[in-house]
Structure formats: structure tokens, C-alpha cells
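Excluded from the calculations below are hydrogen atoms, water molecules and symmetry mates; all remaining heavy atoms, backbone and side chain alike, are included.
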There are 2 protein chains.
Amino acid sequence: MPPPRVIAPFHGEHNHRKCLDQAMQRAEAACLQQGVRLTELRRQVLSLVWENHSPTRAYDILARLKEKGRRPAPPTAYRALEFLRSAGLVHRIESLNAYVGCADPMVGHSSQFFICDRCDAVAEVHDTGVTEHLTRNAERLGLHTARHTVEIHGICTRCYHNDQT
Amino acid sequence: MPPPRVIAPFHGEHNHRKCLDQAMQRAEAACLQQGVRLTELRRQVLSLVWENHSPTRAYDILARLKEKGRRPAPPTAYRALEFLRSAGLVHRIESLNAYVGCADPMVGHSSQFFICDRCDAVAEVHDTGVTEHLTRNAERLGLHTARHTVEIHGICTRCYHNDQT
DNA sequence: GATAGAAGTGTTATACTGTAACAACCCTGC
DNA sequence: GCAGGGTTGTTACAGTATAACACTTCTATC
Ligand SMILES: [Zn+2]
Ligand SMILES: [Zn+2]
Ligand SMILES: [Zn+2]
Ligand SMILES: [Zn+2]
């Protein structure tokens, strides 16, 4: 079994511009491969989700789209987000009603998300051990699995230390 | 490591009246032990959640409370549900915005939920293997864990077979 | 038992999240 | 060009959740 792979860690100091560019490039490639259209609107929404590594809510997307000159209504944002999700380019965090970009869209994965409730940082992990346990349980119960939602909430080290001071 | 324990299975043929009575009894005991008050309203809401083993939404609770002669507004339901959740008597299914009764409230557990998207049946499982995997990952990332959300969606065997016919 | 404080519930209003339905537009292949 | 499907715009509304304050009920203490 391969070791758990951290797709996006907490607070990684990095050139985020690079993050964003890479995400957009991978999105173009993924859509090309899947034969679906990454339109200008979808590109804009994806880049908004990728503005940072915290979960983005649909109505935040709407507000930012307005700033960009569009006059969008809710369905505009939800449709774009649903497209991106089905293409594997973003994940939905159910416990927050929000979306994060996926840094590795080309592999079909069911990830686990570790979320800091103080600073909103999210780490995406792909631990096949967890997945196998869940799959085994599903089989035992007779559930033909469609999707996993695994979201762990807590306080990240940085925020935890800040609280002590 | 103990084997995964199925707290509530799919479609178990059973005397549900017994289910309900037992749940209410355990709730009384749990509240007594925790030194919190299981008021009449909270008792009513808990019994509504326990009417069946499918997730119950807050506004369904509201509607049923109206039938029982109250004239409740949303906060009434949400406050009762939040109380029951904090007392460990119900779990919230994040991916459905709904609540299910917990059949084993006395043990502090973080469960996994297996959900049939066709018939809404929910199975609650307590697999320490899953929990340990997640805990290990949280430690590695430096997340001081507060709560787990593990929800597996799919189609249960019974519904799957019905679809074939 | 009176009485203050805490806990619980009622009530109004409002914010946030998400979708149905239909119109208009645009792209692609014929 | 011109159908036809996919995408976006637009209006309206459904569903989920909380803030704020009033009122009641319970509990502890005198
Ligand atoms: Zn980045
Ligand atoms: Zn943090
Ligand atoms: Zn039952
Ligand atoms: Zn089913």
C-alpha cells in the first residue's frame, strides 16, 4: 500500500502564483482529455476558487464575478461549480457548503480533507488505507458506493500555538 | 483492534417500537449522567428523529411539531437538535443537512455513516481502523482534531436489485 | 416561600444556500 | 446558412439557518 499522499498541505509557504498557473494548466489539459469545454466563465470561477487554499462559497464566487463586470445570478455560480466538480477540478466540502480546488485532477481519487476551523486552511490527503477500510465496510453492508465524504475538523498547529499566546 | 461495530444496519427487520423506546430510555439515562435537562420539547424532537432510521431534516421536525399542537419557529427545532447533538443523542449528516438518532449514545464515538441515496436508509458503523488512520494523518499534518465527518453514499443492495427488475 | 439568576422557549425578522423554469445566446457539424 | 445541443442569463422561489429580543420556567439561595 502506498503511503498517504498529501496533495495540499497546511500553510505551505509558496509562490501561490505558481499554484494558480499550474492549476489552470492542468484544468485545460483535463478538460481537453475529457472532451468537455472549459469556457471563459468556468475558467474565471476556477481561478476564483484557486485565489487561495481556503474553501470558497458559491455566493463569494458571485460577488467576485460581479467585480469582474458580469451580472451573475446564483445559478451561474452553481452551474460552473458543478461542472468543475464533475470534471474533478474542485472538491465540495459538505460540512462547510464550500469548494476547494483540486491540485491533482487527473487521477480519479476520493480524498480526505483536514480543515482548520480557526484559519480555514484545508489539507487534501489521499490515503488509500482509509479508502480501503471504508470500501470493505461498504461491501460488508452491501452498499454500492458512489462517493465518499471524509472531512476532519480541528485546529492547526499554527493556530493552536497562537491561541496559547 | 476490535472489529468494526455496526451500530445500525440497513433495513434490519425489527420491532421499531422497541427501537424507539430503547432510544428514549437511553436518552434519559445519558442526560441524567451528563447533568443536562431532557425537556418535553427535546423529548418530542428526539422521538420525531427516531420515527424511522432515515435522516430527518429540521423543517420536517417543525412540521411534525405543528401537528402536535405547538406553534414552533425554526429556532425551536434547531436549538433542540443542537442540544441533542451535543449530548450525543443524534448525529448530523452534513451531506444531507439532516439528523439521525444515535443508537449508542453512552460511548464517545466518531462514527462512519453509510447512506443509500435511493431509499435514504442509513447505517452507522464504528470502525476504529478508520478512526486510527484519520487520527494518524491528522497528527502528521499537525491538526488538533475536534470532529470527524465520514459519510459514504451509494445504493444499498435491496435498491440495487430493485433497479435491475 | 420569596426572589434573583440561569436556562429554556417563543417570536419576529432576516441572512444564507440552492434550484426550477424558461429565454437568449453561441458553438459545432451538416 | 441553419438546425441542434450546450452554455449562460434571468426571474422567481424553495430550503436551510441564525440574530436578537421577549417571555417563561426552573433552580438555588436566602
Ligand atoms: Zn498555493
Ligand atoms: Zn489554522
Ligand atoms: Zn428501528
Ligand atoms: Zn436502499
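Listed nucleotides D:dT10, D:dT16, D:dT7 differ in distance to B:Arg57; the shortest reach to its side chain belongs to D:dT16. Listed nucleotides D:dT16, D:dC26, D:dG9 differ in distance to B:Asn97; the shortest reach to its side chain belongs to D:dT16. In this structure, of D:dA17, D:dT27, D:dG6, it is D:dT27 that holds the atom nearest to the side chain of B:Arg37.
Between A:Arg43 and A:Glu40 there is a salt bridge, since a side-chain N of the basic residue sits under 4.0 Å from a carboxylate O of the acidic one.
Rounded to an integer number of Å, the gap from A:Lys66 NZ to D:dT8 P is 17 Å. In this structure, B:Arg42 atom CZ and D:dC26 atom P are separated by 12 Å, rounded to whole Å. Spacing between atom CD1 of B:Ile61 and atom P of D:dG15 amounts to 16 Å, rounded to whole angstrom units. To the nearest angstrom, P of D:dG9 lies 11 Å from CD of A:Glu40. We find that CZ of B:Arg70 is positioned 13 Å from C1' of D:dT24, with the value rounded to whole Å. A straight line from CD of A:Glu82 to C1' of D:dT8 spans 16 Å, rounded to a whole angstrom. Atom C1' of nucleotide D:dT18 and atom CG of B:Leu62 are separated by 13 Å, given to the nearest angstrom. Straight-line distance from the CG atom of A:Leu84 to the P atom of D:dT7: 12 Å, rounded to whole Å.
Residue A:Arg79 is classed as a base contact, given a heavy-atom separation below 4.0 Å to a base. Nucleic acid contact for B:Arg43: none, since no nucleic acid atom lies under 4.0 Å from a heavy atom of the residue. At a threshold of 4.0 angstrom between heavy atoms, the contacts of B:Thr39 are confined to the sugar-phosphate backbone, with no base atom among them.
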Walk me through whether A:Arg17 and A:Asp21 qualify under salt bridge (Lys or Arg N to Asp or Glu O under 4.0 Å).
CA-CA 6 Å; A:Arg17 176 77 215 181; A:Asp21 288 346; 3.2 Å; yes

Would you sort out whether A:Arg136 and A:Glu139 count as a salt bridge (Lys or Arg N to Asp or Glu O under 4.0 Å), showing the intermediate values?
CA-CA 5 Å; A:Arg136 201 147 44 229; A:Glu139 278 171 7; over 6 Å; no

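Protein chain B contacts DNA chain C from C:dG8 to C:dT12, reading 5' to 3' and using non-hydrogen atoms of the protein with a distance under 4.0 Å.
With DNA chain D read from its 5' end, the first of the two nearest nucleotides for B:Tyr78 and B:Pro75 is the one closest to B:Tyr78. Mapped onto DNA chain D by nearest heavy atom, A:Pro74 and A:Ala80 fall at different nucleotides, with A:Ala80 at the one closer to the 5' end.
The 12-atom threshold is exceeded at NZ of A:Lys68, counting heavy atoms of other residues, nucleotides or ligands nearer than 6.0 Å. Annotation: B:Arg140, atom CZ; neighbour count of heavy atoms from other residues, nucleotides and ligands within 6.0 Å is above 12.
One N or O on the side chain of B:Arg26 and one on the backbone of B:Ala103 form a donor-acceptor pair closer than 3.5 Å. B:Gln34 contributes a side-chain N or O that, together with a main-chain N or O of B:Ala87, makes up a donor-acceptor pair within less than 3.5 Å.
Following chains of ILVMFWY side-chain contacts shorter than 4.5 Å, one cannot reach A:Leu96 starting from A:Tyr78, and the two form parts of different hydrophobic clusters.
Not a single donor-acceptor pair, N or O on each side, falls under 3.5 Å between the base of D:dA14 and the side chain of B:Tyr59.
Taking five base pairs at each end of the helix from C:dG1-D:dC30 to C:dC30-D:dG1 and finding the rotation axis that steps the C1' atoms of four pairs onto the next four gives two axes whose angle is 30°, to the nearest 10°.
B:Leu89 is not listed as a side-chain neighbour of B:Val49, based on a closest heavy-atom distance of 4.5 Å or more.
Here A:His148 contributes atom NE2 and B:Glu151 contributes atom CD; the two are 12.0 Å apart, rounded to the nearest 0.5 Å.
One finds no side-chain N or O of A:Thr76 lying less than 4.0 angstrom from the OP1 or OP2 phosphate oxygen of D:dT8.
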